[in-house]
Amino acid sequence: MTTFARRALPVAVAVLLLFALTLSPAGAVPSPTAADTLQFYGGEVRAVAQIGGNIYVGGSFTAVGNGTPSIPRSNLVAIDAASGQLVTGFDPHPDNAVNTLLVSAGGTHLYAGGVFNNVRGCSQCDRLAMLDPATGAAVASFGPRPNAAVLSLAQAGNTLFVGGTFATVSGRRRVRLAAVDATTGTVGGMALHANQAVRDLAVNPAGTTLYLAGAFTSVGGVTRYNFASVDIASRLLTAWNPNIHASGWGVALSPNGATAFMTTADGNESVCNAGHESVIAMSATGSGTPPVLWHNGGAPGCVYTSGDINAVEATASAVYIGGHLNNLCTVRNTSYTTACPGALTVRNHLAALDPATGVPLSWNPGATGVRGVLVTGALAAGLGVGGDFQRTNGVLHSGFALFPGTA
């Protein structure tokens with residue numbers, strides 16, 4: 001990625017200062033200094049979750065350790081939230097990458113999705129498994145068996161929603177999106193096929209609406225560019241249509257469910273006019289295309305380049321984004337078809353934005369890496385971040401970093 005120098009335009013600075021005076025400050029964010037934790041080697045960290053005192057970390061790694069890959073553990077481990085070190089009793093050893101993790105309702109189980117075919121001897125646990133969070137043993141009776149990669153999971157009631165690149169689940173045609181019973185794994189009646197990958201899922205706090213992000217241009221035969229939502233009761237596509245013509249990577253809801261925060265990579269069409277490499281905030285309800293509440297990002301070849309934004313997490317205090325982004329806009333922008341109206345500031349692969357305005361907060365640990373940050377998760381222990389990075393804040397934190405505090 002090309003990094004552009006920060007532009008100090010007097011008018012932009014004046015606008016920024018005036019705008020800042022009219023806004024209430026965002027809440028507290030975690031420490032920008034990562035805790036001393038286990039490190040991950042030989043691949044990427046793609047998923048994080050927490051149950052009780054254990055933080056679960058999934059990805060494509062082959063070993064863990066503290067400064068060297070001294071412990072052979074692949075694809076999914078647990079670390080102690082207090083000490084940051086390996087929980088040896090949890091050992092699912094999936095035979096291939098874990099892309100997503102989800103804590104079940106009530107916290108009794110851990111769902112894992114990915115491209116694995118076997119979890120601790122469970123051969124029917126292809127690509128989607130329900131695990132004992134203490135030992136990592138798979139529940140053998142739960143076996144939906146999608147026929148290709150699982151990329152994201154979300155739960156509402158006793159329904160587990162599954163997104164990915166698969167075409168069948170339990171042998172039934174379910175193209176890239178499916179609903180299964182969260183206890184038994186039995187395939188549900190929803191048959192809204194997406195024409196390309198579904199990369200991320202989110203359920204609103206009320207449990208009434210499922211949100212999708214991906215590379216699709218239609219869902220259930222209806223045109224939807226990269227983002228869509230489904231009414232959970234009827235299992236039908238809603239009329240909500242962000243119409244963002246840039247490949248969707250992430251979607252997160254504000255704590256009250258009123259706002260959808262959507263992140264993108266490259267676009268479907270021309271370079272500089274469709275919300276490429278951005279995070280975009282819109283109303284999460286209503287029909288048609290909502291107005292842009294704010295937008296931050298850019299596109300390749302544009303003077304306001306940001307970089308792919310792979311991950312998003314929304315809390316009351318901040319919208320956390322990760323990817324291989326570099327430059328972000330320092331003033332509110334309510335258009336995703338025009339350049340930043342003010343100055344830019346550098347955020348290397350990781351940033352926290354004001355939920356109301358999209359303006360970057362001062363929290364700035366930074367991360368290295370090629371793809372950079374692939375997952376951000378608000379955990380009880382703080383903000384968990386994973387990717388292919390080697391350092392945050394200049395300190396060695398290979399693949400995973402935990403920023404302590406309340407996210």
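- Taking CG from Asn310 and CZ from Arg371, the interatomic distance works out to 6.0 Å, rounded to the nearest 0.5 Å.
- Inspection of the Thr238 and Asp231 side chains reveals no N or O donor paired with an N or O acceptor under 3.5 Å.
- When all heavy atoms are compared, the tightest approach of Val375 to Val45 is CG1-O, 4.2 Å.
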Residues Val103, Tyr56; criterion side chain to side chain contact (heavy atoms under 4.5 Å, CB included); working and verdict: CA-CA 10 Å; Val103 178; Tyr56 301 89; 5.9 Å; no
Cut-off 3.5 Å, no hydrogens considered: what does the side-chain donor-acceptor table look like for residues 121-132, sequence neighbours left out?
from, atom 1, to, atom 2, distance (Å)
Gln124, NE2, Ala140, O, 2.8
Asp126, OD1, Arg145, NE, 2.9
Asp126, OD1, Arg145, NH2, 3.1
Asp126, OD2, Asn117, ND2, 3.4
Arg127, NE, Pro146, O, 2.4
Arg127, NH2, Pro146, O, 3.0
Asp132, OD1, Ala134, N, 2.7
Asp132, OD1, Thr135, N, 3.4

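- In this pair, Phe142 and Tyr111 present their aromatic rings tilted. The plane angle is within the 30 to 60° band.
- A donor-acceptor distance shorter than 3.5 angstrom exists from the side chain of Thr263 to the backbone of Ile309, with no hydrogens or angles considered.
- When every heavy atom of Leu192 is checked against every heavy atom of Leu237, the shortest pair comes out as CD1-N, 3.9 Å.
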Side chain to side chain contact (heavy atoms under 4.5 Å, CB included) between Val346 and Asn327, worked out: CA-CA 5 Å; Val346 173; Asn327 294 314; 3.5 Å; yes
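- Thr165 contributes no side-chain N or O that, together with a main-chain N or O of Ala197, makes up a donor-acceptor pair within less than 3.5 Å.
- Considering only heavy atoms from C-beta on, Tyr320 stays 4.5 Å or farther from Val385 through its side chain.
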Which pairs of donor and acceptor atoms, one on a side chain in residues 32-39, lie under 3.5 Å apart (sequence neighbours left out)?
from, atom 1, to, atom 2, distance (Å)
Gln39, OE1, Ser398, N, 3.2
Gln39, NE2, Leu396, O, 3.4

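- Checking side-chain atoms of Ser317 against main-chain N and O of Ala28 turns up a donor-acceptor pair under 3.5 Å.
- Looking only at side-chain heavy atoms (C-beta outward), Leu102 and Leu160 come within less than 4.5 Å of each other.
- Closest of all the heavy-atom pairs between Pro290 and Asn241 is CD-O, 4.2 Å.
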Verdict with reasoning, Val198 to Phe216, per side chain to side chain contact (heavy atoms under 4.5 Å, CB included): CA-CA 7 Å; Val198 174; Phe216 50 82; 4.2 Å; yes
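- Checked by atom type and distance alone, the side chain of Arg174 pairs as donor or acceptor with a backbone atom of Gly188 at under 3.5 Å.
- To the nearest 0.5 Å, atom CZ of residue Arg176 and atom CG of residue Leu151 are 11.0 Å apart.
- Annotation: the span from Arg73 atom CZ to Ile79 atom CD1 amounts to 12.5 Å, rounded to 0.5 Å.
- For the pair Val162/Leu153, a side-chain contact is recorded, criterion being any heavy-atom separation below 4.5 Å from C-beta on.
- Separating the CG atom in Asp388 from the CZ atom in Phe40 is a distance of 14.5 Å, to the nearest 0.5 Å.
- Among Thr88, Ile55, Val87, the single residue meeting the side chain to side chain contact (heavy atoms under 4.5 Å, CB included) criterion with Asp80 is Val87.
- Residue Arg347 is tested with Leu353, Leu325, Ile321 for a side chain to side chain contact (heavy atoms under 4.5 Å, CB included); the sole match is Leu325.
- Across all their heavy atoms, Leu253 and Ala284 have their closest contact at CD1-CB, 3.7 Å.
- Within the 3.5 Å criterion, the main-chain N or O of Gln390 finds a donor-acceptor partner in the side chain of Thr368.
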Residues His93, Asp95; criterion side chain to side chain donor-acceptor pair (under 3.5 Å); working and verdict: CA-CA 6 Å; His93 48 267; Asp95 64 356; over 6 Å; no
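- Panel note: side chain Ser170, backbone Pro144; a donor-acceptor pair is recorded below 3.5 Å.
- Residues Thr159 and Met190 form no side-chain contact, since every pair of their non-hydrogen atoms from C-beta on lies 4.5 Å or further apart.
- For Phe400 and Phe61, the ring centers are positioned 6.0 Å apart or more.
- For the atom pair Thr100 OG1 and Arg199 CZ, the distance stands at 14.0 Å (nearest 0.5 Å).
- Defined by atom type and a distance below 3.5 Å, a donor-acceptor pair is present between the side-chain atoms of Asn158 and Asp181.
- Residues Phe227 and Met282 have side chains not in contact (no heavy-atom distance under 4.5 Å, counting atoms from C-beta outward).
- The distance from the CG atom of Leu374 to the NE2 atom of His349 is 10.5 Å, given to the nearest 0.5 Å.
- Not one N or O on the side chain of Asp308 forms a donor-acceptor pair closer than 3.5 Å with the backbone of Gly323.
- Of all the heavy atoms in Leu76 and Val98, the pair that sits closest is CB-CG2, 4.1 Å.
- A 4.5 Å side-chain heavy-atom check between Asn99 and Val150 finds every atom pair outside the cut-off.
- Looking at heavy atoms from C-beta onward, Ile232 lies in side-chain contact with Phe161 at the 4.5 angstrom threshold.
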Residue pair Asp200, Ser152: steps toward the side chain to side chain donor-acceptor pair (under 3.5 Å) verdict: CA-CA 5 Å; Asp200 199 17; Ser152 187; 3.2 Å; yes
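- Between Thr264 and Tyr336 the shortest side-chain heavy-atom distance does not fall below 4.5 Å.
- Here the closest heavy-atom approach between residue Asn296 and residue Cys329 is recorded as OD1-N, 2.7 Å.
- A donor-acceptor pair under 3.5 Å is absent between the side-chain atoms of Arg120 and the main chain of Ala138, judged by distance alone.
- A distance-only check finds a donor-acceptor pair linking the side chain of His295 to the backbone of Ser335 [under 3.5 Å].
- Judged by distance alone, the side chain of Ser229 and the main-chain N or O of Trp240 form no donor-acceptor pair under 3.5 Å.
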Evaluation steps, side chain to side chain contact (heavy atoms under 4.5 Å, CB included), between Phe261 and Trp294: CA-CA 9 Å; Phe261 304 101; Trp294 54 259; 3.5 Å; yes
